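Here is the structure we will look at, set down as structure tokens.
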Amino acid sequence: MTQSLNRIKISALIGLVSTLAAGLVALAAYRRLKQNDRSGNTNEIGGSVTVRPPPWNKTNPEEQSKHSISPHKFSILIADDNSINRLLLVNQLQDHCEQIIATKDGIEAFNYLKSERFNLVFLDLQMPGHNGFELIETIRHTENPNKDTPIVAVTAHALPSQCQDIIALGFDECLIKPILAEQLEEIVALWRPDSPREALSDSLNLSGSLKQTGYAQQLLAKTAYDRELALTILNKLCEELPQQLASIQTSLRHRQWQQALSVTHKLHGSVSFCGLTDIRQLALTLEQNLISKNFLETERHFDKLKALIEQFIRKKTELIEELSNKYSV
């Protein structure tokens, strides 16, 4: 890797690998097709998603011979090991293309990239298996269907000034989490001039209205005011965040700094993508302390992060009421 890569790359994410939700399939199908048979299962799986009729499909890399990406449909591949990030990216992009494949790690993403041609690719820079840096190196310098495909780097750990260094590695664009709807609009419009502008404009207006208000408003703005999706994400956050806090606390107690960093990175990614700005800031500070090995400050910042997340969890019932009542926010 180049010196530019060494300046950007942080400790590799070992984190908990989750799988893209089957509940996402049902929820998105409800949103797209207005059916009443949505499933309550929220287990995560990866796979191919057709976001315009016919109904949603999902495939595994081993089934490529049976389920191939149609060359006549605009297709997007998303690679991110964080299930909440995948859920939100799919939701934000589903109005802009005919096919989305959401993969949960670099190995699954590579299996698709070496066998199917996509119109646009979003790669998280920190993933298990192959990270985004390794994937872009391979895709740009070997013969494969996506050697010339526009590829966008997605990261929570780069400054705007570092984006040019990332792009120089072979990416076409760099997005820093949390990602705004207008950023996705610009990218899709650039690589797909015939993208549906009306749907994009609606999403932009909603996301553009985000202010530093309550958690319910932040979740609604990040989901384009899809209340059911916001409720799904709230429940996932209330389930995952306490588990991640406990894991970080145990790792810190046993001086397992790398494990603490890995879990903090995943937590930071989730709250960044969901727009929870105050929790995001504390998670970022804790992660920076672990990266810089400033262990004297880690306990203090962890205590602050834990207190804020516990406050968020205590508000769950109140937030559910706000998100369920269309007149409340």
Side-chain angles (χ1 to χ4, degrees), residues 5 8-9 13 20 46-51 57-61 64 67-83 85-156 158 163 165-177 179-181 183-195 200 269 273:
L5 171 57
I8 303 161
K9 193 172 182 181
L13 174 61
L20 179 67
S48 170
V49 179
T50 301
V51 296
N57 298 315
K58 56 184 185 296
T59 65
N60 292 321
Q64 289 299 315
H67 303 279
S68 296
I69 297 300
S70 171
H72 305 295
K73 296 179 179 180
F74 192 88
S75 58
I76 293 177
L77 179 124
I78 297 168
D80 196 313
D81 66 308
N82 188 302
S83 61
N85 292 358
R86 292 198 304 274
L87 189 152
L88 280 170
L89 263 180
V90 168
N91 176 256
Q92 290 175 312
L93 288 167
Q94 64 184 358
D95 287 331
H96 313 331
C97 69
E98 285 75 42
Q99 287 182 309
I100 297 177
I101 284 187
T103 60
K104 65 182 182 297
D105 58 43
I107 294 175
E108 188 179 2
F110 180 66
N111 287 334
Y112 280 106
L113 289 168
K114 70 182 181 181
S115 59
E116 296 286 349
R117 171 71 166 86
F118 293 89
N119 299 107
L120 186 60
V121 175
F122 292 83
L123 292 183
D124 185 41
L125 293 184
Q126 299 297 331
M127 293 183 292
H130 304 302
N131 62 38
F133 296 111
E134 293 167 341
L135 284 174
I136 196 67
E137 178 78 7
T138 300
I139 295 302
R140 294 306 192 211
H141 296 95
T142 62
E143 290 303 321
N144 64 86
N146 294 284
K147 186 172 184 179
D148 299 315
T149 297
I151 300 180
V152 179
V154 179
T155 180
C163 279
D165 292 331
I166 292 174
I167 292 172
L169 299 174
F171 290 98
D172 295 277
E173 186 52 86
C174 175
L175 293 180
I176 300 175
K177 302 174 186 177
I179 299 172
L180 302 177
Q183 294 175 299
L184 293 176
E185 177 188 24
E186 292 175 358
I187 287 175
V188 173
L190 176 63
W191 300 111
R192 185 184 186 179
D194 62 338
S195 62
L200 286 165
F273 224 87

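As the structure is a computational prediction, the values presented were derived from the model and not from experiment. Heads up: numbering here begins at 1 and tracks the sequence.
Taking 4.0 Å as the cut-off between side-chain N and carboxylate O, D124 and R86 do not count as a salt-bridged pair. Using a 4.0 Å cut-off between charged side-chain N and carboxylate O, D172 and R140 make a salt bridge.
In this structure the side chain of F122 never reaches within 4.5 angstrom of the side chain of I179, judged on heavy atoms. In this structure the side chain of L184 reaches within 4.5 angstrom of the side chain of L175, judged on heavy atoms. Counting only heavy atoms from C-beta outward, the side chains of V121 and L135 never approach each other to under 4.5 Å. Looking at E137 and L169, their side chains never come closer than 4.5 Å, going by heavy atoms from C-beta outward. A heavy-atom distance below 4.5 Å is not found between the side chains of T103 and N111. A heavy-atom distance below 4.5 Å is not found between the side chains of Q99 and I76. Residues F133 and Q126 have side chains in contact (heavy-atom distance under 4.5 Å, counting atoms from C-beta outward).
Here D80 contributes atom CG and L88 contributes atom CG; the two are 10.0 Å apart, rounded to the nearest 0.5 Å. Interatomic distance, CG of D165 versus SG of C174, reported as 10.0 Å (0.5 Å rounding). Within the model, atoms NZ of K177 and CD of Q183 stand 12.5 Å from one another, a figure rounded to the nearest 0.5 Å. Here the OH atom belonging to Y112 is positioned 4.5 Å from the CD1 atom belonging to I101, to the nearest 0.5 angstrom. Rounding to the nearest 0.5 Å gives a distance of 8.5 Å between CD of E108 and CG of L77. Here the CG-CD distance, from L89 to Q92, works out to 6.0 Å after rounding to the nearest 0.5 Å.
Across all their heavy atoms, A153 and L125 have their closest contact at CB-CD2, 3.8 Å. Q94 approaches N91 most closely through the heavy-atom pair CG-O, 3.3 Å. Closest heavy-atom contact between P145 and S115: CG-C, 4.0 Å. Contact detail for G269 and N85: the closest heavy-atom pair is O-OD1, 3.2 Å. The minimum heavy-atom distance between I166 and F171, with the atom names listed, is O-CD1, 3.5 Å. Across every non-hydrogen atom of G170 and I136, the tightest pair is O-CD1, 3.6 Å.
With sequence neighbours left out, K147 forms a salt bridge (Lys or Arg N to Asp or Glu O under 4.0 Å) with E143. In this view, F110 and H130 satisfy the ring-ring contact (aromatic ring centres under 6.0 Å, His included) rule, not counting sequence neighbours.
Judged by distance alone, with hydrogens and angles left aside, the side-chain atoms of N146 form no donor-acceptor pair with the main-chain N or O of I139 at under 3.5 Å. Judged by distance alone, the side chain of N144 and the main-chain N or O of T142 form a donor-acceptor pair under 3.5 Å. Side chain of T149 to main chain of F118: a donor-acceptor pair is present (N/O by atom type, distance under 3.5 Å, no hydrogens or angles). Under a 3.5 Å cut-off, the side chain of D105 and the backbone N or O of D81 do not form any donor-acceptor pair.
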Discussion item. Before you tell me yes or no, could you show the steps for C97 and V188 under side-chain contact (heavy atoms from CB on, under 4.5 Å), namely the whole-Å CA-CA distance, both residues' side-chain angles and the distance that decides it to 0.1 Å?
Written reply: CA-CA 9 Å; C97 69; V188 173; over 6 Å; no

